[in-house]
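First the structure, in the form of structure tokens, and then the observations on it.
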Amino acid sequence: MTYVIAQPCVDVKDRACVEECPVDCIYEGKRSLYIHPDECVDCGACEPVCPVEAIYYEDDVPEQWTDYYKANVEFFDDLGSPGGAAKMGIIDKDHPIIAELPPQAE
Ligand code: F3S
Ligand code: F3S
């Protein structure tokens, strides 16, 4: 099981969650962050600190954002398990469902 970052993160990228994650498994793409589904230890520390409530336990993702489970998983298809986000910096891509969204920030 894993936590999932959903649409409210897109173009916001507050990054408060990154500071809380004990295993450094929240990776930064161009427009959103993504939780590695195999590296996440389900501690729940990230979820309450997101100011836009973008983070959900996978069973609790609101219906309109259920695709974001797939987005967080598929983001890592070509990356495998890097074992730490800090050394990766900003990864120069987004999952297609995020890349195709119109600008979200006000
Ligand atoms: Fe995004 Fe919220 Fe983290 S906006 S970067 S999920 S704190
Ligand atoms: Fe990390 Fe725990 Fe969230 S392992 S991604 S802070 S649930």
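Being a predicted model, the structure only gives us computed values, none of them experimental. Reckoned from all heavy atoms, side chains included, excluding hydrogens, waters and symmetry mates. Order of listing sets the numbers, starting from 1, for every ligand and every atom in it.
At distances below 3.5 Å, not a single donor-acceptor pair connects side-chain atoms of Asp60 with backbone N or O atoms of Tyr56. Between the side chain of Lys30 and the backbone N or O of Ile90 there is no donor-acceptor pair closer than 3.5 Å. No donor-acceptor pair closer than 3.5 Å links the side chain of Asp11 to the backbone N or O of Pro103.
The contact set between ligand 2 and Ile26, taken as ligand atoms under 4.0 Å from a residue heavy atom, comprises 5 (S). Interface atoms of ligand 2 facing Val23, defined by a heavy-atom separation under 4.0 Å, are 4 (S). Atoms of ligand 2 lying under 4.0 Å from any heavy atom of Tyr3, numbered from 1 in the order shown and given with element: 7 (S). Against a heavy-atom cut-off of under 4.0 Å, Val41 is close to the following atoms of ligand 2: 4 (S). Annotation for ligand 2: atoms under 4.0 Å from non-hydrogen atoms of Cys25 are 1 (Fe), 5 (S). Counting the atoms of ligand 1 from 1 in the order shown, those under 4.0 Å from a heavy atom of Ala16 are 7 (S).
Rounded to the nearest 0.5 angstrom, Ile26 CD1 and Cys46 SG are separated by 4.5 Å. Note that SG of Cys25 is 6.0 Å distant from CD1 of Ile35, once rounded to the nearest 0.5 Å.
In terms of protein heavy-atom proximity, atom 5 (S) of ligand 1 is nearest to Arg15 N, 3.1 Å. Counting only heavy atoms of the protein, atom 3 (Fe) of ligand 1 lies nearest to Cys17 SG, 2.3 Å. Scanning all protein heavy atoms for the shortest distance to atom 1 (Fe) of ligand 1 gives Cys9 SG, 2.4 Å. Looking from atom 7 (S) of ligand 2 to the surrounding protein, the closest heavy atom is Gly44 N, 3.1 Å. With hydrogens left out, the protein atom closest to atom 4 (S) of ligand 1 is Asp14 N, 3.5 Å, a heavy atom.
Taking hydrophobic clusters as Ile, Leu, Val, Met, Phe, Trp and Tyr residues chained together by side-chain heavy-atom distances below 4.5 Å, Leu33 shares a cluster with Tyr3.
The aromatic rings of Phe76 and His36 are tilted relative to each other, their planes meeting at an angle between 30° and 60°.
Salt-bridge annotation for Lys93 and Asp78: present, with a side-chain N of the basic residue lying under 4.0 Å from a carboxylate O of the acidic one.
The proximity of Ile55 to ligand 2, defined as any non-hydrogen pair under 4.0 Å, does not occur for either the backbone or the side chain. By the criterion of a heavy-atom distance under 4.0 Å, the side chain of Val52, and not its backbone, is placed next to ligand 1. Contacts with ligand 2 closer than 4.0 Å are made by side-chain heavy atoms of Ile35 only, the backbone lying farther away.
Taking backbone and side chain together, Cys50 holds no N, O or S atom under 2.8 Å from atom 1 (Fe) of ligand 1.
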* To do: Might you work through the side-chain contact (heavy atoms from CB on, under 4.5 Å) test for Leu79 and Met88, ending with a clear yes or no?
  => CA-CA 10 Å; Leu79 296 171; Met88 299 290 286; 4.2 Å; yes
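Remark: among candidates Cys21, Pro22, Cys43, Cys46, the nearest residue to atom 2 (Fe) of ligand 2 is Cys43, based on non-hydrogen atoms.
The side chain to side chain donor-acceptor pair (under 3.5 Å) test with His95 singles out one residue from Arg31, Glu74, Glu100, and that residue is Glu74.
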